Amino acid sequence: MAWDSSSFPEFNSDCSSLLRRYLSKQLFEQLQNKVTASGFTLAQAINSGVVNQDSNIGVYAGDAESYRLFDTLFEPIIFDYHGFSANDIHRSDLNQEHLSAPNPDPAGQFILSTRIRVGRNVADLPLGPAITREQRNLIESQVAASLRDLSGELAGTYYPLLGMDETVRNQLVADHFLFKAGDRFLDAAGLNRDWPEGRGIFHNREKTFLVWVNEEDQLRIISMQQGGDIEAVFSRLMTAVKEIEKSVAFMFDSRLGYLTSCPTNLGTAMRASVHIRLPQLATDMTAFKKITDAHQLQIRGIDGEHSESVSGIFDISNRRRLGVTEVECVQDMYNGVVALIKREKQLE
Ligand code: ADP
Ligand code: DAR
């Protein structure tokens, strides 16, 4: 559904996005003629949430300036989602030695796999929604070159999406290694322009270390493996992030941390998740959500965001990403998973 961006958008009565909650007609009129240096407008920032009325958030930034120029819209959304106010300052802790998270399921009865990812964007360029085709291709070539220099466990190969065999691509997606194509939320945010050019995936032979290039963010740096050895997954990721940052300058703000196209990923841009089998709790989602809410966890389906759980298997991850450190993100997830497993055992 296209909308006439010269007038205040209409929202369905059942639209519950943060965009709808915080974009008043007055604010729309105050911001609608503002344009960032890379040409990004309010209409572009909110288009996804207007076109997709089932959005949870509904806004995307086109560049670092968006967070300043449209701050009267972004700040209330940031506070609502992260509990992070104008006086708060984000803190980083990328030191894997600070995490204490011994495998909560050494027998492998519940946790199928662990995955921890961070989003990163390249400094001094626009974000995905406002980037040009040339800038996106430049990022692909620069990032692929820096990844080729990785050694040891992180050594691997970059595979451009352009020209990738469709069977290979579908299998990577099915195996949870690669992003889906054609996400309508990203599409309406301008993140799928020129698809699949400039997009790709880097991974090591074991597929325990992967980097998505130019999807929702310009890098999604991912560590993952079967089982619940959360410390090993986190350690691999922290080593990789620090290694890549030696050759790629990341977009960073002293207050908001690492900047991302979606405000839900600001700060650490980290999502630490387990795929976990909880068949008893699956029969009582009220009790399930009481535990995940208490530990600030997010429940996703087994194919990631906007998907369903299958056979009592859920994707459980930290919800907070800004105003908490990387170690605290993983600790949030760990503490919640320990509580979920304890309750599941009581219900058995
Ligand atoms: P992101 O985590 O990057 O925001 P999604 O939620 O869409 O993106 O997940 C991306 C892919 O990663 C999906 O295929 C999802 O099933 C997979 N995934 C997420 N967490 C895990 C996990 N703990 N184990 C295996 N695959 C996972
Ligand atoms: N689907 C959009 C974005 C929500 C957060 N997830 C991201 N950034 N992948 C929405 O507004 O629901």
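Order of listing sets the numbers, starting from 1, for every ligand and every atom in it. Since the model is a prediction, treat every value here as computed from it, not as a measurement.
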Side chains of Q225 and R236: is there a donor and an acceptor less than 3.5 Å apart?
yes
Does a side-chain N-to-carboxylate-O contact under 4.0 Å join E166 and R169?
yes
Paired with R321, the side-chain hydrogen bond (donor to acceptor under 3.5 Å, both in side chains) test is passed by just one of T264, N265, T268, namely N265
So the atoms of ligand 1 within less than 4.0 Å of a heavy atom of R220 turn out to be 1 (P), 3 (O), 4 (O)
Under 3.5 Å, is there a donor-acceptor pair linking the side chains of Y158 and E140?
yes
Atom 16 (O) of ligand 1: nearest protein contact (heavy atom, Å):
I302 O, 2.7 Å
What about K180: any of its N or O atoms under 3.5 Å from an N or O on ligand 1?
no
Based purely on interatomic distance, does C262 place a nitrogen or oxygen under 3.5 Å from a nitrogen or oxygen of ligand 2?
no
Ligand 1 atoms nearer than 4.0 angstrom to some heavy atom of E305 are 5 (P), 6 (O), 7 (O)
Atom 12 (O) of ligand 2: which protein heavy atom is closest, and how many Å away?
N56 N, 2.7 Å
Should R136 and E215 count as an ion pair when the cut-off is N to O under 4.0 Å?
no
Single-linkage hydrophobic cluster L138~L219, side-chain heavy atoms < 4.5 angstrom:
no
Between D315 and ligand 1, find which residue part has any heavy-atom pair under 4.0 Å and reply side chain, backbone, both or neither.
side chain
Where is the nearest protein heavy atom to atom 8 (O) of ligand 1: which residue, which atom, and how far?
R300 NH1, 4.0 Å
Looking at atom 8 (N) of ligand 2, what's its closest protein heavy atom, distance included?
E216 OE2, 2.7 Å
Filtering E305, H306, R271 for the heavy atom nearest atom 6 (N) of ligand 2 leaves E305
When only distance counts, is R300 in polar contact with ligand 2, meaning an N/O pair under 3.5 Å?
no
Minimum-distance protein heavy atom relative to atom 20 (N) of ligand 1
S273 OG, 2.7 Å
Going by the atom numbers of ligand 2, which of them fall below 4.0 Å from some non-hydrogen atom of T264?
5 (C), 8 (N)
Return the closest protein heavy atom for atom 25 (C) of ligand 1 as residue, atom name and distance.
S113 OG, 3.3 Å
Using a 4.0 Å cutoff against the non-hydrogen atoms of R271, which atoms of ligand 1 qualify?
1 (P), 2 (O), 4 (O), 5 (P), 6 (O), 9 (O), 19 (C), 20 (N)
Of the protein's non-hydrogen atoms, which lies at the shortest distance from atom 14 (O) of ligand 1, and what is that distance?
H176 ND1, 3.2 Å
Would you call E216 and R220 a salt bridge, taking side-chain N to carboxylate O under 4.0 Å as the test?
yes
Testing the 3.5 Å rule here: is there a donor-acceptor pair between the side chains of N204 and T208?
yes
Would you mind running through ligand 2 and noting each atom that sits below 4.0 Å from a heavy atom of N265?
8 (N)
Considering both backbone and side-chain atoms of W212, is one of its nitrogen or oxygen atoms within less than 3.5 Å of a nitrogen or oxygen in ligand 1?
no
So that I can tick it off, tell me whether R277 and E344 are bridged by a salt bridge, with the cut-off set at under 4.0 angstrom between side-chain N and carboxylate O.
no
Judged by modelled atom types alone, do S317 and R271 share a side-chain donor-acceptor pair under 3.5 Å?
yes
Do Q30 and T72 pass the side-chain hydrogen bond (donor to acceptor under 3.5 Å, both in side chains) test, and can you show the C-alpha distance, the side-chain angles, and the key distance before you say yes or no?
CA-CA 10 Å; Q30 285 169 359; T72 44; 5.1 Å; no
Quick test of your reading of the model: are R21 and D80 salt-bridged, counting only N-O distances below 4.0 Å?
yes
Looking only at protein heavy atoms, identify the closest one to atom 1 (P) of ligand 1 and say how far it is in Å.
R117 NE, 3.5 Å
Shortest protein heavy-atom distance from atom 15 (C) of ligand 1, along with the residue and atom involved
G304 N, 3.7 Å
Which residue in the set Y159, F209, W212, F177 passes ring pair (Phe, Tyr, Trp, His ring centres under 6.0 Å) when paired with H203?
Y159
I'd like to know if D54 pairs up with R184 as an ion pair, taking the criterion as any Lys NZ or Arg NE/NH1/NH2 lying under 4.0 Å from an Asp or Glu carboxylate oxygen.
yes
Ligand 1 to M224 polar contact by distance, N or O atoms, under 3.5 Å:
no
Give the contacting part of D54 toward ligand 2: side chain, backbone, both or neither, where contact means a heavy-atom distance below 4.0 Å.
neither
Of all the non-hydrogen atoms in the protein, which one sits nearest to atom 18 (N) of ligand 1, and at what distance?
R115 CD, 3.4 Å
Which atoms from ligand 2 have a heavy atom of I57 less than 4.0 Å away?
4 (C), 10 (C), 11 (O), 12 (O)
contact_flag G58 ligand 2 heavy-atom lt 4.0 Å
yes
Starting from atom 3 (C) of ligand 2, locate the nearest protein heavy atom and write down its residue, its atom name and how far away it is, to 0.1 Å.
Y60 OH, 3.4 Å
Out of all atoms in ligand 1, which are within 4.0 Å of some heavy atom of V274? Include the element for each.
23 (N)
Does the side chain of H295 pick up a donor-acceptor pair with the side chain of N335 at under 3.5 Å?
no
Does a side-chain N-to-carboxylate-O contact under 4.0 Å join E197 and R133?
yes
